[in-house]
Amino acid sequence: PQVNETSPMTDGFHLVIEALKLNGIENIYGLPGIPVTDLARLAQAEGMRVISFRHEQNAGNAAAIAGYLTQKPGVCLTVSAPGFLNGLTALANATTNCFPMILISGSSEREIVDLQQGDYEEMDQLNIAKPHAKAAFRVLHAQDIGIGVARAIRAAVSGRPGGVYLDLPAKLLAQAVGAVEGRNSLVRVVDPAPRQLPAPDSVQRALNLLKGAKRPLILLGKGAAYARADAEIRALVEKTGIPYLPMSMAKGLLPDTHPQSASAARSFVLAESDVVLLVGARLNWLLAHGKGKTWGAPKQFIQIDIAPTEIDSNVAIAAPVVGDIGSCVSALLEGIDPSFPKPSAEWLSVVAERKNKNLAKMAETLGKDPTPMSFHSALRVLRDVVKAHPDIMLVNEGANTLDYARAVIDMYEPRKRLDCGTWGVMGIGMGFAVGAAVETGKQVLAICGDSAFGFSGMEVETICRYELPVCIVVFNNNGVYRGTDVNPSGGKDVAPTVFVKGSRYDKLIEAFGGTGYHVTTPAELEKAVAEALKTGKPALINAVIDESAGTESGRLTNLNPQSSAKKH
Ligand code: ADP
């Protein structure tokens, strides 16, 4: 550790920082306060980048997406009790999404917490974290910090990645230990996410099934994007000639304009295919649990996943291939030579026909120019922005804003689309935007519904403070889903789904020195984005959308229970 060479002692603070640095972790996302204020200060002093937020949940989301983008755990640092709980929401979300992250929270006196004697911010954080994390550890002795951090890193990135909680009591941070002993206790983790080769017979079984398919389909999930096996996946798709569908965060793994992309014929291929190869995608609610009307014709699944217990989680999997995606796809590729049967011309032509029909319909919708601006006319502009800047980091959250943007905006490069993920949550917006800007140094375009933006909007100050190249577009239709709901009782309160009409979100960023734009037409939107991207400075564009546009719950109307005793 970096101790004063004349001093024979080091302490918990320094050992935590040195343990992280030794393992290549360069950034900390957090919110300082008792007992971690000095940890943040010292980390900065020792050359780490410390990004300080206004709310821990946003810091946690930034750390989570940092993990997704780098395959190294993103680190979030919080105070105890409420700060920890705020960070825990992001940790749980990271675990659900299979993003590697470590939440480090300071905690209060163990002896007092355990006897429930009422300490400052008293809470049994370790036990609360356990069900929401992939793993949870507490370190009590400074000599164990090295091994504690090593365990946290390995747990976060090996196998199925996830969130890890690391509990650091205040006392530990201040604990002194001999400098030499401290230095020797640190651990550099060797091969933190070892390759996991698939069993050869499982690969053969999968190849046999694929060979016999009449209407095959490849489905790519965000596990495939995370795995960074981009070249292998592209080769698998192109050598087999099979149509493929990307899940939302897998968009861009191959460019959405790829001739084999079946995105525009999604419902058709899900229903009509007979053999489906899942690559890093779970058959959860986002895929209708692999059964029912969505999946239509009888189906056989091949599933590539690193987690053996994912197999058969919803429906029977005919050919599981368990291992890391890079190794599994490479193994499949070895069995695919030029003699490997191509999908029938008939299957390819019905898919193409359906796709072209839907693309023509979409082009018609996008061609319209209604006043006020619609979701589609605004998104047409942003689609062209991404086309012109394919390396832009796109953050997208909301209900309708999410659904329409996912469908309209083509992605061209892997891991450029960051969105609401497995839970379909709102609130990831500004955290993901900061994390993406810090980790990649690239321009971020965050497209948020006005409701979604509200969950993390205060972080525009953070974006301005660190001068991050983030351009936020708020799709403002005056409410959750829509701005037209009325209070059915006739009382003076507005409906629970409605916000202040004509809100000027653009003024918010001006308070912190950023640039605000207020736009009501596609032409104004285009000009504002062009200007913002040219400067690369923090900007917020308040894009006024028709307040009657938008459907209840976006595409998830079926998940919204309706009152069976409704009077109004
Ligand atoms: P999507 O929401 O895009 O469908 P999911 O998050 O549901 O994607 O699924 C991702 C899957 O990928 C998880 O089941 C996870 O275990 C798996 N996964 C993540 N990383 C790897 C990897 N490196 N190798 C193999 N499987 C992985």
Side-chain angles (χ1 to χ4, degrees), residues 64-65 67-73 92-101 134 154-163 191-199 202-203 206 217-233 236 244-254 256 263 266 270 276-290 294-295 301-315 317 320-332 396 402 406 411 414-425 428 555-556:
I65 211 63
Y68 171 73
L69 290 170
T70 63
Q71 293 185 322
K72 280 191 279 188
N93 189 51
T95 305
T96 299
N97 280 284
C98 316
F99 298 159
M101 165 182 174
K134 185 179 170 193
R154 192 176 287 283
V157 297
S158 61
R160 169 184 279 177
D191 195 9
R195 287 190 304 149
Q196 290 182 220
L197 307 188
S202 73
V203 173
L217 174 68
I218 295 176
L219 224 157
L220 304 174
K222 62 179 166 314
Y226 173 79
R228 291 182 174 258
D230 306 345
E232 291 88 339
I233 287 169
L236 179 74
Y244 75 95
L245 269 186
M247 297 298 287
S248 71
M249 282 178 62
K251 275 165 71 75
L253 203 44
L254 287 92
D256 280 335
S263 285
R266 188 175 195 272
L270 288 181
V276 180
L277 167 57
L278 299 161
V279 186
R282 286 171 284 186
L283 288 173
N284 56 17
W285 68 283
L286 288 158
L287 284 169
H289 305 285
T294 307
W295 289 91
F301 289 102
I302 302 166
Q303 183 163 26
I304 299 181
D305 206 291
I306 203 158
T309 50
E310 186 54 41
I311 310 301
D312 303 327
S313 57
N314 284 272
V315 292
I317 301 297
V321 183
V322 174
D324 71 281
I325 286 169
S327 303
C328 292
V329 173
S330 300
L332 285 178
N396 186 202
L402 177 83
R406 185 181 54 233
M411 303 305 297
R415 295 169 295 280
K416 298 292 180 201
R417 187 187 151 83
L418 313 172
D419 69 25
C420 302
T422 304
W423 268 343
V425 288
I428 47 87
R555 291 266 174 83
L556 309 181

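Model, not experiment: these values are computed from the prediction. Numbering of ligands and ligand atoms starts at 1, following listing order. All heavy atoms count here, side chains included; hydrogens, waters and symmetry mates do not.
- With a 4.0 Å heavy-atom cut-off, ligand 1 is reached by no atom of Ile304.
- Under a 4.0 Å criterion applied to the non-hydrogen atoms of Gly323, ligand 1 contributes the atoms 24 (N), 25 (C).
- By the criterion of a heavy-atom distance under 4.0 Å, the side chain of Thr422, and not its backbone, is placed next to ligand 1.
- Shortest contact from atom 25 (C) of ligand 1 to any protein heavy atom: Ile325 CG1, 3.1 Å.
- Protein heavy atom at the shortest distance from atom 19 (C) of ligand 1 is Gly223 CA, 3.7 Å.
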Show your reasoning for whether side-chain hydrogen bond (donor to acceptor under 3.5 Å, both in side chains) applies to Asn396 and Arg406.
CA-CA 8 Å; Asn396 186 202; Arg406 185 181 54 233; over 6 Å; no

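- The minimum heavy-atom distance between Lys222 and Tyr68, with the atom names listed, is O-CE1, 3.9 Å.
- Summary of contacts: the protein heavy atom closest to atom 10 (C) of ligand 1 is Gly280 O, 3.1 Å.
- Ranking the protein heavy atoms by distance from atom 26 (N) of ligand 1 puts Ile306 N, 3.1 Å first.
- Residues passing the side chain to side chain donor-acceptor pair (under 3.5 Å) test with Thr70: none are found, sequence neighbours excluded.
- The contact set between ligand 1 and Asn284, taken as ligand atoms under 4.0 Å from a residue heavy atom, comprises 7 (O).
- The contact set between ligand 1 and Gly221, taken as ligand atoms under 4.0 Å from a residue heavy atom, comprises 3 (O).
- The aromatic rings of Phe301 and Trp295 lie perpendicular to each other, with more than 60° between the two planes, well past the 30° mark.
- Ala193 does not count as a contact of ligand 1, since none of its heavy atoms falls under 4.0 Å from the ligand.
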Please determine whether salt bridge (charged side-chain N to carboxylate O under 4.0 Å, His left out) holds for the pair Arg282 and Asp305, giving the CA-CA distance in whole Å, both sets of side-chain angles, and the decisive distance to 0.1 Å.
CA-CA 9 Å; Arg282 286 171 284 186; Asp305 206 291; over 6 Å; no

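- In this structure, atom 3 (O) of ligand 1 lies nearest to the protein heavy atom Lys222 N, 2.7 Å.
- Every residue was checked against the ring pair (Phe, Tyr, Trp, His ring centres under 6.0 Å) condition with Tyr226, not counting sequence neighbours, and none meets it.
- Taking every heavy atom of Tyr226 and a limit of under 4.0 angstrom, the matching atoms of ligand 1 come to 20 (N).
- Counting only heavy atoms of the protein, atom 5 (P) of ligand 1 lies nearest to Arg282 NE, 3.4 Å.
- In terms of protein heavy atoms, atom 13 (C) of ligand 1 is closest to Asp305 OD2, 3.4 Å.
- The shortest non-hydrogen separation linking Val157 to Pro100 is CG1-CB, 3.6 Å.
- The side chain of Met247, and not its backbone, has at least one atom closer than 4.0 Å to an atom of ligand 1 (non-hydrogen atoms only; side chain from C-beta on).
- Looking only at heavy atoms of the protein, atom 23 (N) of ligand 1 is closest to Ala227 CB, 3.7 Å.
- Nearest heavy-atom pair across Gly163 and Thr95 is N-OG1, 3.1 Å.
- In this structure, Pro246 and Asp256 have side chains that are in contact, with non-hydrogen atoms separated by less than 4.5 Å.
- Note that CE of Met247 and CG of Leu253 are 13.0 Å apart. Values are rounded to the nearest 0.5 Å.
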